[in-house]
There are 2 protein chains.
Amino acid sequence: MADVARMAGVSPTTASFALSGRTDMRISDASRARVLEAAKELGYRPNVTARSLRTKSTQTIGFVSDMITTTPFAGDVIRGALEAAYERDHLLFITEAGGDRAAEASLVHALLDRQVDAVIYAAMFTRYITPPKELYGQRVVLLNCLAPGFDAPSVVPDELQAGRDAARALLAAGHTKGIWAIGGHLAVPASPEGNIAGNERMRGMEEVLRAGGARLDGVIECDWNTQDGYREVSALLAAGHRPRALVCLTDRLSMGAYQALGEAGLSVPGDVSVISFDDQDIAAVLRPALTTMQLPHARLGRLAVELILRQGPLEAAVHRVAMPLQERDSIGTPAAE
Amino acid sequence: MADVARMAGVSPTTASFALSGRTDMRISDASRARVLEAAKELGYRPNVTARSLRTKSTQTIGFVSDMITTTPFAGDVIRGALEAAYERDHLLFITEAGGDRAAEASLVHALLDRQVDAVIYAAMFTRYITPPKELYGQRVVLLNCLAPGFDAPSVVPDELQAGRDAARALLAAGHTKGIWAIGGHLAVPASPEGNIAGNERMRGMEEVLRAGGARLDGVIECDWNTQDGYREVSALLAAGHRPRALVCLTDRLSMGAYQALGEAGLSVPGDVSVISFDDQDIAAVLRPALTTMQLPHARLGRLAVELILRQGPLEAAVHRVAMPLQERDSIGTPAAE
DNA sequence: TTGAAAGCGCTAACAG
DNA sequence: CTGTTAGCGCTTTCAA
């Protein structure tokens with residue numbers, strides 16, 4: 001910048017003001033123009049590191065998660081966050097602690113040592129967490145997790161509403177009987193306080209079903225993987241049950257259900273309708289394509305950085321992001337008796 | 001740090017040396033101990049930003065890619081890079097340009113303005129690229145892409161060897177006839193210089209097949225998606241062909257092939273063996289589980305940061321990372337005539 | 001409207 | 001073995 005100032009024949013101060021385009025310290029148009037031209041001429045780029053040392057702001061956000069790779073909470077969250085950050089001229093330090101508390105603490109330190117403006121603390125699946133102590137007092141937003149008593153906003157998918165909407169989709173197609181839920185409330189690597197997604201999805205669904213004069217014939221509790229879907233639906237059919245509609249709590253369960261249904265010679269949605277949750281990649285390529293409640297990954301990531309970059313202090317509110325119904329081909333009218 | 005020095009009763013210099021544990025400027029054990037204790041007492045953490053201003057090193061790497069979210073080049077690459085960086089006390093700025101050259105340039109600027117020590121330039125699928133001009137003269141490694149004439153090392157999967165190994169797996173199971181390749185050389189959103197992965201996989205395969213006295217009955221050129229696999233294999237069967245083994249150039253193609261085979265009443269691997277490439281998530285959950293050549297995502301990411309953090313100048317070599325055979329259940333002995 | 005000067009938190013010559 | 005001093009590249013009071 002000294003070079004630019006010299007070339008423009010002004011002081012560093014003037015150059016600084018001209019470059020940052022501030023109006024409170026007015027600079028003559030002539031000086032400003034000369035500075036800008038010199039800067040362009042020299043290919044000048046400000047050293048953000050040096051600026052940060054004075055301003056205390058690095059235009060940088062830290063992102064800490066327990067696991068970014070694994071489904072269903074993956075790259076789309078990051079992509080949404082990245083986009084929002086890019087629009088606001090911020091960069092993201094992405095880190096991943098792999099569920100290791102010590103690593104988590106050391107990552108948060110690494111982030112703080114680099115003077116990040118704020119940090120996003122994200123969980124792979126929606127759950128209660130207790131943030132590492134080095135995050136207390138920092139500007140943080142919780143992504144896909146809740147921490148009662150920790151003073152920060154949370155951004156989570158609106159699972160309750162998704163449960164309701166899934167039930168409505170079934171009702172709208174005429175389903176009132178022979179509805180089974182696969183996956184239930186539990187599932188997912190044991191989280192002490194229970195599985196938020198499972199609980200809310202089920203709660204919303206049962207509420208709407210009941211209001212619509214329908215109900216679940218049964219709820220099968222199992223893990224949320226393809227194998228479990230296959231096994232449980234096979235067992236269900238083997239036991240002589242003949243469901244008209246399956247609510248699978250995840251797309252992976254749906255995939256397993258498809259396999260079991262196919263082997264039993266039952267067609268989707270002719271014999272059995274299937275509605276699912278998550279909208280992972282496979283949902284679109286399954287045959288028939290799966291109707292599913294979409295986890296709004298990108299929007300969650302986006303909202304987290306939008307909140308964090310808002311002026312002023314952060315309110316400890318819970319922001320629920322809608323899970324839109326992704327209509328495809330797995331719901332039909334109920335099969336005849 | 002001034003506080004620490006004061007508390008320990010030494011000068012900032014002494015504190016600095018003690019804290020950074022350097023031996024060239026020897027510090028008495030007594031002083032060092034006092035400094036360390038004071039630092040702990042005060043919960044002192046160095047300001048990496050300030051340090052960087054002097055040392056020119058930020059312990060930070062920039063990662064620019066055209067697309068991180070989309071398969072098959074996804075989170076695992078980042079995870080590998082993250083792990084390697086973590087082990088070496090570096091942090092990664094992750095960015096994504098979405099294939100937009102202007103965005104790419106501005107992201108590289110943003111990275112350089114923050115004085116990153118180096119940048120990893122990554123592509124979603126293996127191809128030739130021309131790096132943004134702001135990267136010239138910088139310390140960079142190319143990930144999953146090649147740029148002849150650009151002075152930087154590349155890290156790519158060893159597709160040629162993978163093609164050979166796939167052919168060997170088929171040969172080992174006794175397949176010498178009725179082998180079809182689905183996907184061929186082309187595929188993937190048109191890249192001007194051709195599809196590296198497709199070409200090398202095919203080349204390696206044909207080489208080994210020929211040497212083993214076998215050959216391909218046919219090569220079907222199509223895009224690398226599930227729908228294409230379904231459509232092409234359906235067409236192949238409809239045309240009266242009865243393949244004994246299918247080489248699908250991607251797992252998505254395999255998934256489509258499975259659907260077509262299933263509809264035609266053909267079983268895998270009883271009637272038709274399938275070998276595939278990529279080892280995406282679906283490979284393991286398909287029934288039967290898919291035998292496939294694994295894209296070593298994490299190792300690619302890891303190697304990229306290992307190279308970049310090596311002392312000394314970077315050699316413009318091409319590093320090929322092995323693609324291990326992931327044996328599962330889709331290869332059997334050839335069906336009888 | 002502009003410039004001199006101080007200083008952000010740290011490191012590194014250079015002297016003692 | 002340790003302290004003084006300068007300065008990394010920028011912003012920002014304060015005075016002119």
Side-chain angles (χ1 to χ4, degrees), chain A residues 1-39 42-60 89 91 109-117, chain B residues 1-60 89 91 109-117:
Chain A
M1 205 188 70
D3 295 342
V4 173
R6 200 173 312 118
M7 180 166 177
V10 300
S11 74
T13 309
T14 305
S16 173
F17 282 124
L19 256 9
S20 54
R22 289 175 45 167
T23 51
D24 49 340
M25 224 63 170
R26 31 253 155 112
I27 301 291
S28 70
D29 288 353
S31 299
R32 162 169 298 119
R34 285 212 312 289
V35 170
L36 262 24
E37 183 172 356
L42 264 26
Y44 169 77
R45 298 240 101 218
N47 181 324
V48 178
T49 304
R51 175 184 301 168
S52 303
L53 196 55
R54 283 268 7 199
T55 61
K56 259 64 199 142
S57 154
T58 53
Q59 306 278 92
T60 278
D89 290 313
L91 246 34
H109 271 141
L111 254 15
L112 264 18
D113 291 351
R114 284 174 181 76
Q115 316 298 118
V116 295
D117 296 339
Chain B
M1 207 188 69
D3 295 342
V4 172
R6 200 174 311 119
M7 181 165 176
V10 299
S11 75
T13 309
T14 305
S16 173
F17 281 125
L19 255 10
S20 53
R22 289 174 43 165
T23 51
D24 50 339
M25 225 63 173
R26 35 264 160 94
I27 302 291
S28 70
D29 288 353
S31 299
R32 161 168 297 118
R34 285 213 310 289
V35 170
L36 262 25
E37 184 173 355
K40 178 163 356 144
E41 181 89 9
L42 264 26
Y44 169 78
R45 296 242 103 216
N47 181 325
V48 177
T49 304
R51 175 184 301 168
S52 303
L53 196 53
R54 283 270 8 198
T55 60
K56 258 65 197 138
S57 153
T58 53
Q59 305 278 93
T60 279
D89 291 314
L91 247 33
H109 271 143
L111 254 13
L112 264 18
D113 290 351
R114 285 175 180 76
Q115 317 297 119
V116 295
D117 296 337

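Naming convention: chains lettered A, B, ... in sequence-line order (proteins, then strands); numbering from 1 in each chain. Reckoned from all heavy atoms, side chains included, excluding hydrogens, waters and symmetry mates.
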Mind calculating the distance between CG (A:L112) and P (C:dG9) to the nearest angstrom? 15 Å
What is the distance, to the nearest angstrom, from the CG atom on A:D29 to the C1' atom on C:dT1? 11 Å
Could you check whether B:T13 gets within reach of a base, just the sugar-phosphate, or nothing at all, counting any heavy atom under 4.0 Å? base
Quick one: is D:dG9 close enough that its OP1 or OP2 comes under 4.0 Å of any side-chain N or O from A:T49? no
Looking for any heavy atom pair under 4.0 Å, which part of the strands does A:V10 touch: base, sugar-phosphate only, or nothing? sugar-phosphate
Whole-Å distance, B:Q115 CD to D:dG9 C1', equals 9 Å
Student check: side-chain heavy atoms of A:P46 and A:M1 closer than 4.5 Å: no
Check the phosphate of D:dG3 against B:T14, side-chain N and O only, distance under 4.0 Å to OP1 or OP2. Yes or no? yes
Donor-acceptor pair, A:S52 side chain versus A:V48 backbone, under 3.5 Å? yes
By nearest heavy atom, map B:R54 and B:G9 onto DNA chain D; which one lands nearer the 5' end? B:G9
Counting only side-chain N and O atoms of B:K56, is one of them less than 4.0 Å from OP1 or OP2 of D:dG9? yes
Check every strand shown and say whether A:S31 touches a base, only sugar-phosphate, or nothing at a heavy-atom separation below 4.0 Å. sugar-phosphate
Pick base, sugar-phosphate or nothing for B:T55, based on heavy-atom distances below 4.0 Å to the nucleic acid. sugar-phosphate
Report the distance from atom CZ of B:R32 to atom P of D:dG3, rounded to the nearest whole Å. 14 Å
Hey, does the side chain of A:S28 come within less than 4.0 Å of C:dT2's phosphate (OP1/OP2), counting only N and O? yes
Where do A:T49 and A:N47 come nearest, in terms of heavy atoms and distance? N-OD1, 2.9 Å
Can a donor-acceptor pair be found, under 3.5 Å and without considering hydrogens, that links the side chain of B:R114 to the backbone of B:T58? no
If you check every side-chain atom of B:I27, which of D:dT2, C:dG3, C:dG9 has the closest atom? D:dT2
Which nucleotide in the list D:dG9, C:dT1, C:dT11 gets nearest to the side chain of B:L53? D:dG9
How close or far is atom C1' of D:dC1 from atom CZ of B:R34, stated in whole angstroms? 12 Å
Side-chain contact, heavy-atom cut-off 4.5 Å: A:T14 with A:S11? yes
Atom-to-atom span, CD of A:Q59 to C1' of D:dC10 - whole angstrom: 14 Å
Nearest-angstrom distance from the residue atom CZ of B:R51 to C1' of D:dG7: 17 Å
Could you give the CZ-to-P distance, from B:F17 to C:dT11, as a whole number of Å? 9 Å
